[in-house]
Protein chains: 2
Amino acid sequence: MSHTIKVLLAEDQSMVREALAALLGLEDDIEVVVQVARGDEVLAAARAHDVDVALLDIEMPGATGIEAAALLHRELPRVKLVVLTTFGRPGYLRSAMESGADAFLVKDAPAAQLAEAVRKVLAGERVIDPTLAAAALAEGANPLTDREREVLRAAADGSTNAELAKLLHLSQGTVRNYLSTAIQKLAVRNRAEAVRTAREKGWL
Amino acid sequence: MSHTIKVLLAEDQSMVREALAALLGLEDDIEVVVQVARGDEVLAAARAHDVDVALLDIEMPGATGIEAAALLHRELPRVKLVVLTTFGRPGYLRSAMESGADAFLVKDAPAAQLAEAVRKVLAGERVIDPTLAAAALAEGANPLTDREREVLRAAADGSTNAELAKLLHLSQGTVRNYLSTAIQKLAVRNRAEAVRTAREKGWL
DNA sequence: TCGTGGGCATGACATCTGTCATACGACAGT
DNA sequence: ACTGTCGTATGACAGATGTCATGCCCACGA
């Protein structure tokens, strides 16, 4: 209890990362011992610095914070995991929890919640926004199959059916079938809307 | 010179905003005297607190940081303007400068540049990333007409031609014409790619 | 072992999208 | 006065997209 809490901070935007570090630095019982800017540097950094809590942004190059969380959970199970994100997408919350996260915070929550969350997870508590939790439970699980998600993700940048077919080694008709079922499952009118709502829900 | 620099901080994500405030709070000569979370609260706050420098995030509800900058520039010309953004889009830089910004920073620049920029703009200097400046000059101006931009923006969420026509009070054929010319000007294959590249360039 | 669902494919059809030619009025610049 | 550009519109056409029926193979759970 008496020694300071060692925190790893993973966030790709330097200015935000260092600002968050400054914020946590104001707390007497918390020390940011290592910062990384990429998801695929998290594990090594956590090992090297024997951290108590990892603070992981989701949107990062190399690997997402959720992927990093899953890896840490497997390799260093005693490290507590706080997942931080810009977007309060219910699907994100769901996958973060499935990856072993102990806390899930959105960046537009009050700053005080950050240090608070760090202390709480270390005490064995879980921290999640009740509103988001309700939304995650209400919307149910991702209805898309793996292939549907793959195709939708690939279609997100405006690629044409022919390009998607080549890219995914499928026939053009199959691509259209997957997109069609995805469009119906999401109850929208075309692929662009499908991409949009899948993103919003965190299903993409 | 001797009294502290009064800063207004506008950024919608509380955690980031307060973290940036903490960061600036570490500097002896800088004081964040007021924080706002919306673009349309900037002017009143700047007036009420007689600030020296306004730090404006671009992506905000109410009004963008660029719109807020233009307004401040007109109403309170002695306030120096630092525009801050997640995305280093050349078109953003261009419109920020046209709106009277004195500095343009991207959030993945080192945190030290923030305080530095505040001091520099107050000293009458301009602060911009040379690489971004080059890109902004190289890519030239936005080739889209007002209507083309409007239609493209409206089409971004996957709306169909019929919906766009209704929304914009145009005939369906006209909508298609605008999208067609936009697609050609941007040298892409369909509306989705057009939206994508227009966004990337900061032209949307 | 049977049924179900996923992954994959084809063909046919209707609709949506993108292109092009053409046109007219407004307005700015030469 | 002439030209160019923008906003708006139409009609025709080709190609892309979305839907549907149907079929095959495979794995998995009842």
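In what follows, every chain begins at residue 1, and chains take the letters A, B, ... in the order their sequences are listed. Being a predicted model, the structure only gives us computed values, none of them experimental.
Remark: P of C:dC16 and CZ of A:R191 are 15 Å apart, rounded to the nearest angstrom. Note: CG (B:N161) to P (C:dT19) measures 12 Å, nearest angstrom. For the pair A:H169 NE2 and C:dA9 C1', the computed distance is 17 Å after rounding to whole Å. Distance CG (A:L179) to C1' (D:dT19): 13 Å, rounded to an integer number of Å. In this structure, CD of B:E148 is placed 7 Å from P of D:dG7, rounded to the nearest angstrom. To the nearest angstrom, P of C:dG18 lies 10 Å from CG of B:L164. At whole-Å resolution of the value, CD1 in A:I183 and C1' in C:dT15 are 13 Å apart. If you take NZ of A:K166 and P of D:dA16, they are 12 Å apart, rounded to a whole angstrom.
If A:K185 and A:L170 are placed on DNA chain C by their nearest nucleotide, the residue sitting closer to the 5' end is A:K185. In this structure, A:Q184 and A:Q172 both approach DNA chain D, and ranking their closest nucleotides by distance from the 5' end singles out A:Q172. Mapped onto DNA chain D by nearest heavy atom, B:N190 and B:D146 fall at different nucleotides, with B:D146 at the one closer to the 5' end.
Distance from the side chain of B:T145 is smallest to D:dC6 among D:dT8, C:dG7, D:dC6. Nearest to the side-chain atoms of B:Y178 among the listed nucleotides D:dT17, C:dG18, D:dG7 stands D:dG7. Checking D:dT19, C:dT10, D:dA16 against the side-chain heavy atoms of A:T160 singles out D:dA16 as nearest.
In terms of phosphate contacts, A:S171 brings a side-chain nitrogen or oxygen within less than 4.0 Å of OP1 or OP2 of C:dT10.
As judged by a 4.0 angstrom heavy-atom cut-off over every strand, B:N177 is placed among the base-contacting residues. Residue-level contact check: B:T174 touches the bases, meaning some heavy atom is under 4.0 Å from a base atom.
Side-chain N/O atoms of A:R147 and base N/O atoms of C:dG7 include no donor-acceptor pair closer than 3.5 Å.
The shortest distance between side-chain heavy atoms of B:L55 and B:L24 falls below 4.5 Å.
The closest side-chain donor-acceptor pair between B:N161 and B:R191 falls under 3.5 angstrom.
Salt-bridge annotation for A:E59 and A:K107: absent, with no side-chain N of the basic residue lying under 4.0 Å from a carboxylate O of the acidic one. Between A:E150 and A:R147 there is a salt bridge, since a side-chain N of the basic residue sits under 4.0 Å from a carboxylate O of the acidic one.
For the side chain to side chain contact (heavy atoms under 4.5 Å, CB included) with A:Q35, the lone residue among A:R17, A:E41, A:E11 that qualifies is A:R17.
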